[in-house]
Amino acid sequence: MDVRAPKGTVDMLPEVASAWEHMTRTAQTLFARYGYEPIYTPMFEHTEVFERGIGEATDIVSKEMYTFEDKGGRMITLRPEGTASVVRSALEHNLVQQGSSAKLYYAGPMFRYERPQKGRQRQFWQIGIECLGAADPSVDAEVITVLWRFFETIGIPAASMRLLINSMGDEHCRPAYRDKVAAHIREHSAGLCEECNRRADTNPLRAFDCKNPACATIMATAPLLRDELCDECAAHYAAVKVRLDMLGIPYIEEPKLVRGLDYYTRTVFEVQADAGLGSQNAIGGGGRYDRLFEEYGGKPTPGLGFALGFERTLLCMEAAGVQVPALPRSQVYVARVSDDVAEEVFGITQALRDAGVAAEMDHQSRSLKSQFKQADRLGAQFVVICGPEELACGEATVRNMGTKEESRVAVADLSAALRDLLV
RNA sequence: GUGGGUGUAGCUCAGUUGGUUAGAGCGUCGGACUGUGGCUCCGAAGGUCGCGGGUUCGAGCCCCGUUACCCACCCCA
């Protein structure tokens with residue numbers, strides 16, 4: 001059989017997995033400070049959840065979803081992102097009571113059927129937060145700040161990232177703007193690529209994302225939503241910026257920032273970085289989605305959130321030379337001098353573990369010398385040497401691997417003594 | 001879906017104009033006087049040279065196919 005992981009997936013071996021857990025812990029600590037609580041939603045949903053939420057015309061829904069029919073005839077899709085599920089769950093359990101809000105965070109794998117390349121896999125991990133029920137611009141500024149602070153905290157130099165923000169408008173001003181952009185596209189139809197021409201009907205704003213130089217030139221002269229925002233949206237956007245200014249969060253206004261999900265309204269943002277990411281540049285992004293609850297048949301409920309990519313963040317960390325703190329391995333290695341004390345060694349090792357000391361022993365009858373090498377490799381600070389001599393006296397030798405000092409300790413006192421020494 | 005690149009020991013790679021038993025470094029395991037590590041030295045294990053055809057007296061090296069991975073386009077985390 002083929003033992004290789006499926007295309008676009010990778011095994012996270014201990015070294016990478018440690019970095020993973022480091023990122024998770026960092027996020028948990030940071031998010032808790034802002035009042036976010038964990039939520040775990042299923043990794044698959046009814047296909048409709050994503051089709052309605054993310055939008056039929058988006059790349060994600062139209063060509064990247066892992067969709068299948070289960071044995072009960074249900075159409076199921078592996079989640080391509082986190083927000084849709086969280087909002088669906090919030091509706092199911094009525095998490096957003098009248099006048100209150102829910103602040104949630106999640107972490108886990110997402111699935112998109114794409115051709116893998118650097119910084120892009122079919123299964124990839126995201127961690128994200130969602131703030132549901134709050135319409136105030138201070139929440140926009142808060143969410144953006146959490147995202148920025150996360151990257152700072154994890155060790156990515158601020159100078160190597162940039163935060164882009166924009167406003168997508170709302171149901172009052174966006175439709176008219178959409179029409180203007182569509183008109184602009186049709187007007188310059190001849191100079192635009194096939195894809196962009198199609199976008200005139202499906203999703204005109206995405207034409208701003210086109211990397212085709214000719215399209216970019218033409219779209220550069222298109223009307224900007226910034227100039228077409230209704231009064232409420234303009235005021236909201238301005239208030240968000242005031243708060244980011246207050247906090248010194250260094251944003252860049254990018255009027256052409258559109259993002260690939262249909263549910264966004266008003267504030268959208270994206271953190272980009274270059275180092276280590278291949279041709280990718282987004283490491284995190286999000287926005288406000290004030291109409292999404294209604295899309296699912298719920299009452300009007302504002303919300304916004306972000307998601308950041310674990311793999312890409314890790315690539316950036318590597319490029320920046322960030323050292324991930326190593327998890328402590330064995331603190332103590334219990335070595336046996338001869339096989340006839342094997343049972344005592346086994347018992348002592350377990351006693352240490354029960355006392356809260358990370359202890360390891362040899363299970364392969366290796367020579368004492370090998371056991372020391374093993375202890376050294378594991379980073380053990382102490383080796384407990386169990387020989388017939390010591391054990392006959394009810395003692396063992398404790399060697400400090402750093403100082404090479406050795407002392408005899410009664411077996412009964414080993415756990416207590418080592419706990420003190422390891423402080 | 002399209003294009004380009006690459007597939008030789010666990011890892012990183014050498015392998016000369018096709019020619020005998022395919023190499024190195026790192027790692028692993030063992031050893032260097034009797035119960036002791038990190039350095040050094042010695043030794044050992046470990047390879048269907050991605051897979052299948054073909055050319056040839058002979059192919060890891062050439063040709064065809066195939067597959068996997070990587071990178072890029074598209075789009076995004």
Side-chain angles (χ1 to χ4, degrees), chain A residues 2-10 13 15 23 54 57-64 79-83 107-128 147 151 193-196 199 203 206 208-212 215 257-261 270-273 277-286 306-316 333 335-341 362 364 366-391 396-406:
Chain A
D2 188 354
V3 298
R4 288 169 298 191
K7 191 181 189 71
T9 68
V10 293
L13 304 181
E15 196 182 345
M23 270 192 273
I54 299 168
T58 60
D59 281 7
I60 291 177
V61 171
S62 64
K63 58 185 190 191
E64 296 173 0
R79 64 180 182 194
E81 58 101 50
T83 300
M110 305 296 164
F111 308 85
R112 293 183 199 173
Y113 191 86
E114 297 186 275
R115 283 295 278 269
Q117 60 181 278
K118 195 173 186 63
R120 200 170 80 189
Q121 298 168 203
R122 291 183 172 177
Q123 180 183 24
F124 59 101
W125 280 60
Q126 288 189 331
I127 187 161
L147 180 61
F151 289 127
C193 72
E194 205 176 314
E195 177 69 26
C196 282
R199 282 166 171 151
N203 198 343
R206 293 218 57 76
F208 283 116
D209 261 356
C210 190
K211 283 170 185 164
N212 182 319
C215 298
L257 178 66
V258 171
R259 308 212 23 95
L261 298 88
E270 188 168 298
V271 174
Q272 299 184 347
L277 288 175
S279 71
Q280 269 59 241
N281 58 23
I283 54 177
F306 70 68
L308 64 91
F310 269 57
E311 287 85 354
R312 291 186 185 177
T313 300
L314 191 56
L315 289 172
C316 283
Y333 192 95
R336 74 171 139 201
V337 172
S338 55
D339 283 346
D340 53 319
V341 298
D362 167 57
Q364 298 176 70
R366 283 194 277 209
S367 67
L368 186 61
K369 179 196 281 287
S370 310
Q371 293 178 67
F372 267 87
K373 284 185 178 175
Q374 190 64 19
D376 193 57
R377 201 172 306 124
L378 293 173
Q381 297 167 58
F382 294 93
V383 170
V384 175
I385 305 161
C386 300
E389 280 175 37
E390 296 95 322
L391 291 176
T397 301
V398 174
R399 178 183 175 89
N400 181 319
M401 293 295 274
T403 65
K404 298 186 177 183
E405 288 172 305
E406 293 187 0

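Bear in mind the structure is a predicted one, so any value in this text is a computation, not a measurement. Below, each value reflects all heavy atoms present in this structure, side chains not excepted, and no hydrogens, waters or symmetry copies.
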Checklist entry - Which whole-number value in Å describes the distance from Arg115(A) CZ to rC71(B) C1'? => result 11 Å
Next on the checklist: So Gln280(A), base contact, sugar-phosphate only, or nothing? Heavy-atom distance under 4.0 Å.
Outcome noted: base
Checklist entry - Considering Watson-Crick and G-U wobble pairs with both distances under 3.5 Å, what does rU34(B) pair with? => result none
Checklist entry - Among Tyr333(A), Phe382(A), Phe372(A), whose side chain to side chain contact (heavy atoms under 4.5 Å, CB included) with Met401(A) holds? => result Phe372(A)
Checklist entry - Roughly how far apart, to the nearest Å, are rU6(B) and rC29(B) at atom P? => result 36 Å
Checklist outcome for this item: Here the distance between atom P of rC74(B) and atom CZ of Arg122(A), to the nearest Å, is 18 Å
Checklist entry - Any side-chain heavy-atom pair from Lys63(A) and Asp59(A) closer than 4.5 angstrom? => result yes
Next on the checklist: Can you tell me the base-pairing partner of rG43(B)? Count Watson-Crick or G-U wobble geometry only, both distances below 3.5 Å, and say none if there is no partner.
Outcome noted: rC29(B)
Checklist entry - To the nearest angstrom, how far is Gln371(A) atom CD from rG37(B) atom P? => result 12 Å
Checklist entry - Using atom C1' of each nucleotide, how far apart are rU48(B) and rG5(B) to the nearest Å? => result 25 Å
Item to check | Spacing of the P atoms in rC13(B) and rU8(B) (rounded, Å) | outcome: 9 Å
Checklist entry - Is any side-chain N or O of Arg399(A) closer than 4.0 Å to OP1 or OP2 of rG37(B)? => result no
Next on the checklist: Nearest to the side chain of Gln126(A), heavy atoms from C-beta on, is which of rC29(B), rG37(B), rA77(B)?
Outcome noted: rA77(B)
Checklist entry - In whole Å, what separates the C1' atom of rC49(B) from that of rA24(B)? => result 16 Å
Item to check | Comparing Gly8(A) and Val271(A) on RNA chain B - which has the more 5′ nearest nucleotide | outcome: Gly8(A)
Next on the checklist: Quick check on rU36(B): is either OP1 or OP2 less than 4.0 Å from any side-chain nitrogen or oxygen of Lys373(A)?
Outcome noted: no
Checklist entry - Between rC41(B) and rA59(B), how far is it from one P atom to the other, in whole Å? => result 40 Å
Next on the checklist: Suppose we define a pair by two distances each less than 3.5 Å, Watson-Crick or G-U wobble; what does rC75(B) pair with here?
Outcome noted: none
Checklist entry - Does Ser279(A) reach the side chain of Gln117(A), with side-chain heavy atoms less than 4.5 Å apart? => result yes
Item to check | Side-chain heavy-atom pair Asp362(A), Gln374(A) within 4.5 angstrom cut-off | outcome: no
Next on the checklist: Quick check on RNA chain B: between Ala5(A) and Leu308(A), whose nearest nucleotide comes earlier from the 5' end?
Outcome noted: Ala5(A)
Next on the checklist: Students often get this wrong, so: under 4.0 angstrom with heavy atoms, is Thr313(A) touching a base, only sugar-phosphate, or nothing?
Outcome noted: nothing
Item to check | Sugar-phosphate only, base, or nothing, as touched by Glu390(A) at under 4.0 Å among non-hydrogen atoms | outcome: base
Next on the checklist: Categorize Glu406(A) for me: base, sugar-phosphate, or nothing, with a 4.0 angstrom heavy-atom threshold over every strand shown.
Outcome noted: base
Item to check | From rA32(B), rA77(B), rC73(B), nucleotide with atom closest to Lys369(A) side chain | outcome: rA32(B)
Checklist entry - Using atom C1' of each nucleotide, how far apart are rC39(B) and rU34(B) to the nearest Å? => result 24 Å
Checklist entry - How far does the C1' atom of rU17(B) sit from the matching atom of rU21(B), given to the nearest Å? => result 23 Å
Item to check | Side chain Arg312(A), main chain Ala282(A), donor-acceptor under 3.5 Å | outcome: yes
Checklist entry - Can you tell me if the side-chain N/O atoms of Ser367(A) get under 4.0 Å from OP1 or OP2 in rG31(B)? => result yes
Checklist entry - When you compare rC64(B) with rG7(B), how far apart are their P atoms, in angstrom units rounded to a whole number? => result 16 Å
Next on the checklist: Stacking between rA77(B) and Phe310(A), yes or no? Criterion: centroid separation under 5.5 angstrom, plane angle under 30 degrees.
Outcome noted: no
Next on the checklist: Considering every strand and a 4.0 Å limit on heavy-atom distances, what is the contact class for Arg120(A): base, sugar-phosphate, or nothing?
Outcome noted: base
Checklist outcome for this item: Phe372(A) atom CZ is separated from rG30(B) atom P, nearest whole Å, by 15 Å
Item to check | Base-pairing assignment for rG4(B) (Watson-Crick or G-U wobble, both under 3.5 Å) | outcome: rC70(B)
Checklist entry - Is the side chain of Arg112(A) donor-acceptor paired with the backbone N or O of Ile60(A) at a distance under 3.5 Å, no angle test? => result no
Checklist entry - Whole-Å distance between rA77(B) P and Glu64(A) CD? => result 10 Å
Checklist entry - On a plain distance test, is the side chain of Gln272(A) in donor-acceptor contact with the base of rA77(B) below 3.5 Å? => result no
Next on the checklist: Need one value for Ile385(A): base, sugar-phosphate or nothing, where a base atom within 4.0 Å counts as base even if backbone is also close, heavy atoms only.
Outcome noted: base
Next on the checklist: Without decimals, in angstroms, what is the distance between Lys404(A) NZ and rG37(B) P?
Outcome noted: 8 Å
Item to check | Separation of atom CZ in Arg112(A) from atom P in rG1(B), rounded to whole Å | outcome: 19 Å
Next on the checklist: I'd like to know if the side chain of Gln280(A) and the backbone of Lys118(A) have a donor-acceptor N/O pair within less than 3.5 Å.
Outcome noted: yes
Checklist entry - Do Glu390(A) and Thr397(A) have side-chain N/O donor and acceptor atoms under 3.5 Å apart? => result yes
Checklist entry - Who is the Watson-Crick or G-U wobble partner of rU21(B), with both distances under 3.5 Å? => result none
Next on the checklist: Tell me whether the side-chain N or O atoms of Arg377(A) pair up with the base of rG37(B) as donor and acceptor below 3.5 Å, since no angle test is needed here.
Outcome noted: no
Item to check | Phosphate contact (rC73(B) OP1 or OP2) by Gln117(A) side-chain N/O below 4.0 Å | outcome: yes
Next on the checklist: Heavy atoms only, 4.0 Å cut-off, all strands: where does Leu261(A) land among base, sugar-phosphate and nothing?
Outcome noted: sugar-phosphate
Checklist entry - Is there a side-chain polar atom (N or O) of Arg259(A) under 4.0 Å from OP1 or OP2 of rA77(B)? => result yes
Next on the checklist: Once you apply a heavy-atom cut-off of 4.0 Å, does Gly128(A) come out as touching a base, just sugar-phosphate, or nothing?
Outcome noted: nothing
Checklist entry - Counting only Watson-Crick or G-U wobble pairs whose two distances fall under 3.5 Å, which nucleotide matches rG58(B)? => result none
Next on the checklist: Under 4.0 Å from OP1 or OP2 of rC74(B): is there any side-chain N or O of Lys63(A) that close?
Outcome noted: no
Checklist entry - So, for Val398(A) and Val384(A), which heavy atoms are closest and what is the spacing to 0.1 Å? => result CG2-CG2, 4.4 Å
Checklist entry - Between Glu311(A) (CD) and rA77(B) (P), how many Å, whole number? => result 13 Å
